[in-house]
Every structure is written in C-alpha cells, then in structure tokens.
Amino acid sequence: MKSNTTAIGLGVLGIIFLLIAALYALGVLQILASTTSGPHYKHAILFAVLAVASFVAANFARPKTA
Amino acid sequence: MTFAQALFMGLLQGATELFPVSSLGHSVIIPSLLHWSFKQSNPTFVPFLVLLHLGTAGALLVLYRDQWIAIIRGFFAAALRGSITTPAERLSMLLLAGTIPAGVLGVFFETRIKSLFASPYVAAGFLVVNGFLLLGFELLRRRAERRAALDSKPRAEQEQSFAEAERISFRAAAVIGACQALAFLPGISRSGVTIGGGLLAGLRHQEAARFSFLLATPVILAAGLVEVPQLLSSGVPVGEYVAAAILSGLAAYASARFLLRYFRSGRLDPYGVYCIGAGLVSLALLLFNL
C-alpha cells in the first residue's frame, strides 16, 4: 500500500510517538505507569522505538520514483 | 543472598533461559524448594534476575555476532532505502515487527505481572501449562507433517521441507513477538512459546530456535538497561552479582550451542514432559511443605 497520504500519516504518527517518549522521559506524562511521579524511561524507550518503526514504515509506504 | 547462592542462581538461569523450560519459573520455584531465606519479593530480586538475563543476552550476542552485524547494517540500509532487498534486511524488519508487541505488552502489563511473580505456586502451575503448550505445538506440527505427507520420511528430510526464519510473514513475526509477553509469567518459557510460534508459522525447529534467540536479545537488553541502575543504587553486592551474570552467560552459550545442534532433528516433546513433571512435583512439594 504505497501512497503519499499513508507515508505522511505514518510520519505524523512517528512525531506524536516521539513527543510522547519525551514527555515520559521528562516525567510529565504519568498515564499507564506503575508509579505516579518521576520519569518513566521504560515507557520512553518503548515510544522512541515506536517512533522509529513509524518513520521506517513511512519510508516504506512512500511511492518511489525510478 | 550468599555468594554461593548467587552463583547457583546464575548457573540455573543461564542453563535454563534458552531451553524451553522457563528460567524465570525455575528461579522462583527452586529457591523456595531449597528453603533459601532470601525474599523473592525483595526489590533487588527482579533487577538481579535482569542482570543474569544480561549475561544470557551477552552470550547470544557473542554467538550471533556476525548475524547481528548483518542485521544492524541491513536495518539501516532497508530503513533508509525504503525497501527490502536482502535476507538480512528482511530479518532485521521481522525482528522489529516481533519486538514491538512484546515491548508494548511488557511495559503496560509489568505491574500486574510482577504481583504474580513472587509466588512459587503460580510458577509451578504455569510450568505445567508450559509443558502442555510445548506438547500442543508438536501435536500441531505433526499434523502439518502428515498433511504434507512427510510423516514417513526421515526427521532430517522432514525438517528440510520447512522454511528458514527469513521467510515468515510480518504478521507471523508480530504474533510470535506478542507470544514473548507470555514469558513475563513465571513458568511460561519465552523460548518455548516463540519456538512454538515459529513452528506454527512453518519454520524448521532449528530456524524457529534461531529466530527465538534473535528475538529475545533486544527485549532482554532493553529490560536490562532500565532495571540495572536500580541494582547499582540499592547497595547490593554488585561484584558477586556480576560474577553470577558471567556464569549465566557461559551456561547460556553452552545451552544455545547444544540446542541448535539438538533441533536439527529433535522436538519439543521431552521438554514438555519435563515441564509437566517438574511443575507437578514442585506443586506437591510446595503444598506439603517438604
């Protein structure tokens, strides 16, 4: 499924994941965390990996020109 | 925990981590059966086990060093190009697809799973479940062999009819990866469920084991990155624990070499029978406080 729309959507998703990762790392975001204070590095690493996966998927979804 | 106990735990964890018999389950049950006084609910116990897992991950990195170099190169090449052209590139993307579900489930279900963690009864119960899972995987595999009219052929020939790890679909890789989350339950084996998942996806036993071992490495390393600082800051004998982790790594390396040779023609059945037996005996011993 190669289209610019999909690629842009996945790119935006990657940016959102990256922001969430930063918020967890800074301790701003506490949703679904085992403790309610401090940074959550495990969550931050997870969302950073999800961001990388989204950017990779966006590059795969981008229509290639010959 | 004494130094000798730490070394024993390292040897136990390393020897059982890659066998489909649940190292975590053994690490919970055996100290209880031996009436060792250290508390498994102690906050340093989980980081200690993670340190031992890092020993195992180190052994896997050494064992598959050439493949990991190819996988990492392949990942960057495919990611930047936006297409897959080589088996190593495909394997790198399959590992990414398999690692994400395990990571998501691990991060969000960690607290609930840890609450089950400290009970040897739960671990013994899940060890029995693990045994039935392994036997179930082999039952389904034998059915697939019969369907492909392979049941009368020699084992080596049967195995050659199945695929290599690079050939599985991304959906199958993601499902196998999600199965890894089951291993957060003590008694359920990470390698058992992932090897079983690989068999269901049509891989050879040896290839399913290789994919399982490769898939385990990033998750173990990521868990270690997060948990080890807790171990360092809590005033525990780090030197002794590191010695145990090294012992764990050596045992894991030997186990991996053995298993890769065994799975050329071997099946999961003996491990399934062992898990059912060991789980039931452990439950009986724990219930009667022997």
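When the heavy atoms of residues 13-22 of chain A are compared with those of chain B, none of the residues falls under 4.5 Å. Using a 4.5 Å cut-off between non-hydrogen atoms, the part of residues 70-81 of chain B that approaches chain A consists of B/Phe75, B/Ala78, B/Ala79, B/Leu80, B/Arg81.
One distance of note links CG of A/Leu46 with OG1 of B/Thr99; it measures 11.0 Å at 0.5 Å rounding.
With sequence neighbours left out, the side chain to side chain donor-acceptor pair (under 3.5 Å) criterion links B/Ser191 to B/Ser189. Residues satisfying the salt bridge (charged side-chain N to carboxylate O under 4.0 Å, His left out) test with B/Arg210, not counting sequence neighbours, are B/Glu166, B/Glu207.
Side-chain contact between B/Val107 and A/His40: absent, with no pair of heavy atoms (C-beta onward) separated by less than 4.5 Å.
Within the 4.5 angstrom heavy-atom criterion, no atom of A/Phe55 approaches chain B.
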